[in-house]
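Let me begin by presenting the structure, written as structure tokens, before commenting on it.
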Amino acid sequence: MAEKIRFFPLEVTYKIIDGKAVIHLYGKTIKNEQLCVLDENFEPYFYVIPKMGKEVQEKLEKIKVEKENEEAAVTKTEIAKRKYLGKEVDAVKVYTKLPKDVPIIREIIKDWNVLESVNEYDIQFRRRYLIDKGITPLTLVEVEGDFVTQKSKVPVLKATSIKQYSDDALENPRILAFDIETYSPLGKAIAPEKNPIIMISFYGEKFEKVFLWKKFKTDLKYVEFVDGEEELIEKFKETIEHYRPDILTGYFSDEFDMPYIKTRAERYKIKIDIGLDHSELKVKHGRTTVSSIRGLTHLDIFKFIVKTMGGSFDTEAYSLNNTAKELLNEKKLDVDLDGMSVIWDKTPAQLGEFCEYNLHDSVLTYKLCKKLLPNIMELVKIIGLPIYDINRMGFSQLVESYLLKQAYNFKEIAPNKPHHDEIRQRRMQTYKGGFVYEPKPGLYSDIVVFDYRSLYPTIISSHNIGPETINCDCCREKAKVAPTENKKEIYWFCTKKKGFIPLMIEDLIKRRMRIKEIIKERKPSPLLDAREHSLKLLANSFYGYLGFFGARWYSIECARATTAWGRFYIHNVINKAEGAGFKVLYSDTDSVFLTLDGKTKEAADKFAEKINLELPGLMELGYEGFYTRGIFVSAKAGEFGAKKKYALLTEEGALKIRGFETVRRNWSFIAKEVQEQVLNIILKENKPEKALDYVKQIVKGLKNKKIPLEKVIIHTQLQKETQDYAAIGPHVAIAKKLKERGIEVGPGFMIKYVVTKGEKKIRDKAKLPEEVKQEDYDADYYIENQVIPSVEKIFAVLGYKKEDIFEKQGQKQLGKFF
DNA sequence: GGCTCCCGGGG
DNA sequence: GTGTACGGGAGCC
């Protein structure tokens, strides 16, 4: 009997069944039951655009080719009226039997000289399906058909008809967060092939669990003991099986937890067959590793945070601890991870705190997922791809996916991705970016910041900037020319016909404005906030996309015109602010930093209002914030400051730090600590002298060898075998030494070293921490190459030179270093 | 000054 | 899976 069911698709994939590509849509019904819907009525195709008046259909239909004992053939062709780069074309839609035949056939015909071009041959079949069927994941779809028997963990329905029903979205997907802890002896690299997983935690709705394979006495109710790692892995599978999550989430799980589990499972010949079709967890190593499960959404919340939220963060590091602090105002539990393996081996009775730690990481991951899910879901709805895809896409891919979807609706054929030579050529092209009014390094107070809201999107929209509207014949000599500085760059844009890109971006901006209106009128709504934020994110990515070498809709001329108009508008604000008696401190692309210079905040507001009256179209200058104090720092010692390097103090007493390289792990702890402290003392306490004294104390401490050895250890990880290194850096020199002593070192091994006094090269002075005594480290090196560089520029703006840090210490011989 | 190497996240 | 996707800084040469 035919069924009619409404469901929310979560994942889409396809499988070849009886020589046919069958789409599998996995999702949840309105009755909250898992379901798999099959659609075998969608055929792979691509476009061919013939040269004027060329008849190629017949020739195309005859294509048949043998490859790896299988035949790839064109099944049919049809003429389709489409638009391509602003022109009407009679394209040929070429169908093939299987998705994989598409690239094979394209390869054969790509050089036919009767063809203008071959297009849309590299669009994933599953994505093509969603676009063409107008199906949006996570929103309600109606399907008719019959249940069939097929190897599957969820009921399978073969569709006779399937259509988007409404834009109602799945409300509460079932989320399960997990995290593993692995055995990792102190100082050793993470080595999945060597070291076992010792515990796994899960956290979900009314569900918390920690499995581990060492027994000890505990009151923790969520702790469950298993016999060994093998059983631990079985529990991992079982838990997922029983909990039946829609979303399985982890922190960096794409590249750590999942691959680790997979590697360990292979040892025991355990299949991680958690796919809803009984398929195995798939780990694909590439530029970045991805881990996927059929029918089940694996969400690496870390990846989403880095890729799409990164820009708006105050922190520049994305450790779980940092992101949890930033987004949840919570921290990881403080345990000594280095000691975990020792306790595991010697005193299991003390494992309790590690179980708590393990669970807490899952809790934080779960909360991050919950918190960001609205943002992810909104992007899914706007772009029309499953969570899994959205999770792993960067800005340009988000834009491109959106454009591909819209291109279908507007009957536009998408331009092709560039190939090697094209990419190389594009990479060599440069263009002028935003205008930077370089700050005079210094310490300032009462700073007001204004910025253009979505500067580039509003410019692209109001100036109709796009690949098909540029330098049109119909508006030659009539349309305004973009204010580029280079006389050879003359770009104007059609004033008669709206282009595809500006049309798309205008729609996004207007949708966002409507939502902002609703938000203003209503109570706070995380969902609307997320929608608004997603629309902004997408719109803001268009400009970068136009200039991105890998883009289909690439146009460096459009990117140039956009920044040219941007410089024009920001110059306008700067000039008028100065005219109105404000002091302009700094400006970068779309923002201006003014000091009140005795004026009131209200006067500044009035000024911005006046600017706004004169702005065209959707453009708007907005108020960004007020800061009681701020420091602007120079990148190179010199009169002018570097862009994007400053620290501000908000009225609430929080530091907003931009552009100070967060000292990374191959820096000593002391360098990092000093930089943090100095900024704090200067901005929060407003006591530069005190900061200077502090650094002097540290320098003195280094000289007198009072700074503990741990704080001067530098960590660097080996990337390859020692013999494969062409250049011998300090960490390689140490690695070679270790090897001579019979210590196993290889890729991933963490080298710790201390720079001691000695010959010129750092590598000759690098020693292992354990062979160095407290007084052996090279104080001058740490002062010169670690501590001073981390704060030098900060002090430079206050009028202090490096020498000032050493004054009254009788260190005349240091003069030679300056 | 160019080339080579490492960083990220995870334990 | 209708595949192949960083960007910036330090130290060596």
Side-chain angles (χ1 to χ4, degrees), chain A residues 13-14 16 21 44-46 72 96 98-107 120-129 179-192 195-199 250-260 282 284-290 292 300-303 305-307 310 316-323 335 337-341 344 354 357-358 361 392-397 417 420 423 548-550 661-667 714-720 724-733 748 750-751 760-763 785 789:
Chain A
T13 178
Y14 78 96
I16 307 300
Y45 71 88
F46 62 99
T96 67
L98 297 176
K100 72 174 167 75
D101 299 344
V102 170
I104 296 170
I105 289 160
R106 182 255 167 181
E107 195 58 37
E120 303 199 10
Y121 51 82
D122 56 355
I123 296 170
Q124 283 180 32
F125 188 59
R126 50 195 279 281
R127 295 191 182 180
R128 173 94 277 167
Y129 177 82
D179 179 49
I180 66 170
E181 302 300 325
T182 65
Y183 184 83
S184 62
L186 180 62
K188 290 273 163 72
I190 289 171
N195 299 321
I197 300 166
I198 56 180
M199 50 179 98
Y251 199 86
F252 204 54
S253 46
D254 242 2
E255 306 194 38
F256 179 71
D257 304 70
M258 289 299 197
Y260 209 113
K282 208 156 94 187
K284 209 176 65 186
H285 297 276
R287 176 82 209 63
T288 66
T289 304
V290 291
S292 59
D300 183 345
I301 197 65
F302 160 78
K303 245 176 211 176
I305 290 169
V306 169
K307 290 202 173 228
E316 281 184 29
Y318 301 100
S319 62
L320 177 57
N321 199 40
N322 275 345
T323 56
V335 299
L337 263 191
D338 284 337
M340 181 167 65
S341 297
W344 180 263
F354 293 102
Y357 169 85
N358 186 206
D361 276 5
R392 288 156 185 82
M393 290 195 302
F395 293 119
S396 55
Q397 293 168 80
K417 280 188 185 167
H420 309 295
I423 288 177
F548 166 56
F549 58 80
E661 69 284 5
T662 17
V663 186
R664 301 191 246 167
R665 86 166 165 210
N666 55 343
W667 281 69
I714 296 168
H715 299 76
T716 309
Q717 196 175 46
L718 281 182
Q719 244 24 39
K720 42 189 174 183
D724 296 339
Y725 279 96
I728 312 298
H731 64 296
V732 183
M750 182 63 69
I751 303 287
K760 269 184 195 160
K761 286 199 173 88
I762 310 279
R763 68 170 175 224
N785 296 53

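Remember, it's a predicted structure, so these values are computed and weren't measured experimentally. Below, read A as the first sequence line, B as the second, and so on, with proteins coming before strands; counting in each chain starts at 1.
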Classify [X] by what it touches in the nucleic acid, base, sugar-phosphate, or nothing, heavy-atom distance under 4.0 Å.
X         : result
Ile180(A) : sugar-phosphate
Tyr14(A)  : sugar-phosphate
Glu255(A) : nothing
Asp361(A) : sugar-phosphate
Asp179(A) : sugar-phosphate
Leu98(A)  : nothing

Nucleotide of [options] approaching [X] most closely (side-chain heavy atoms):
X         : options                   : value
Pro103(A) : dC7(B), dG11(C), dG3(C)   : dG3(C)
Lys417(A) : dG10(B), dT4(C), dG11(B)  : dT4(C)
Asp338(A) : dT2(C), dG9(B), dG11(B)   : dG11(B)
Ser319(A) : dG11(B), dG11(C), dG9(B)  : dG9(B)
Pro730(A) : dC12(C), dG10(B), dG11(B) : dC12(C)
Tyr121(A) : dG9(B), dG11(B), dT2(C)   : dT2(C)
Asp122(A) : dG3(C), dC6(B), dC12(C)   : dG3(C)

How many angstroms lie between [atom1] in [X] and [atom2] in [Y], if you round to the nearest 0.5 Å?
X         : Y         : atom1 : atom2 : answer
Ser396(A) : Phe549(A) : OG    : CZ    : 8.5 Å
Gln124(A) : Tyr129(A) : CD    : OH    : 15.5 Å
Arg392(A) : Gln397(A) : CZ    : CD    : 12.0 Å
Asp361(A) : Ile180(A) : CG    : CD1   : 11.5 Å

Mind calculating the distance between [atom1] ([X]) and [atom2] ([N]) to the nearest angstrom?
X         : N       : atom1 : atom2 : result
Tyr251(A) : dG10(B) : OH    : P     : 6 Å
Leu337(A) : dG11(B) : CG    : P     : 7 Å
Ile16(A)  : dG1(C)  : CD1   : P     : 14 Å
Ile728(A) : dA10(C) : CD1   : P     : 21 Å
Asp254(A) : dG10(B) : CG    : P     : 14 Å
Tyr318(A) : dG7(C)  : OH    : C1'   : 13 Å
Tyr45(A)  : dT2(C)  : OH    : C1'   : 11 Å
His715(A) : dG8(B)  : NE2   : C1'   : 16 Å

For this session: May I ask you to check whether Phe252(A) and Phe302(A) place their ring centres under 6.0 Å from each other?
Result: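 Here the rings of Phe252(A) and Phe302(A) have centres that are less than 6.0 Å from each other.
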Tell me whether the OP1 or OP2 atom of [N] has a side-chain N or O from [X] closer than 4.0 Å.
X         : N       : answer
Tyr129(A) : dT2(C)  : no
His731(A) : dC5(B)  : no
Lys284(A) : dG1(C)  : yes
Arg763(A) : dA10(C) : no

Problem set entry | The single option from Tyr45(A), Phe46(A), Tyr14(A) passing ring pair (Phe, Tyr, Trp, His ring centres under 6.0 Å) against Phe125(A) |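 Running ring pair (Phe, Tyr, Trp, His ring centres under 6.0 Å) over Tyr45(A), Phe46(A), Tyr14(A) with Phe125(A) returns exactly one hit, Tyr14(A).
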Please write out each protein N/O paired with an N/O of nucleotides 1-4 of chain B under 3.5 Å, distance rounded to 0.1 Å.
none

Problem set entry | dT4(C) to dG8(C) separation - C1' atoms, rounded to the nearest Å |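 That atom pair is separated by 23 Å.
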Exercise. Can you tell me how far C1' in dG3(C) sits from the matching atom in dG7(C), rounded to whole Å?
Worked result: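 These two C1' atoms come out 23 Å apart once rounded.
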Exercise. Got a sec, which residues hit salt bridge (charged side-chain N to carboxylate O under 4.0 Å, His left out) with Arg127(A), two or more places apart in sequence or on another chain?
Worked result: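 In terms of salt bridge (charged side-chain N to carboxylate O under 4.0 Å, His left out), with neighbours along the sequence ignored, Arg127(A) is linked to Asp389(A).
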Problem set entry | Contacts of type salt bridge (charged side-chain N to carboxylate O under 4.0 Å, His left out), residue Glu120(A), not counting sequence neighbours |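 So Glu120(A) forms a salt bridge (charged side-chain N to carboxylate O under 4.0 Å, His left out) with Arg128(A).
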For this session: Examine the base of dG11(B) for any acceptor or donor lying under 3.5 Å from a partner atom in the side chain of Ser184(A), and report the outcome as yes or no.
Result: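 Present.
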Exercise. So, does Ser341(A) use its side chain to make a donor-acceptor pair with the main chain of Ser184(A) at under 3.5 Å?
Worked result: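 Confirmed, Ser341(A) side chain pairs with Ser184(A) backbone.
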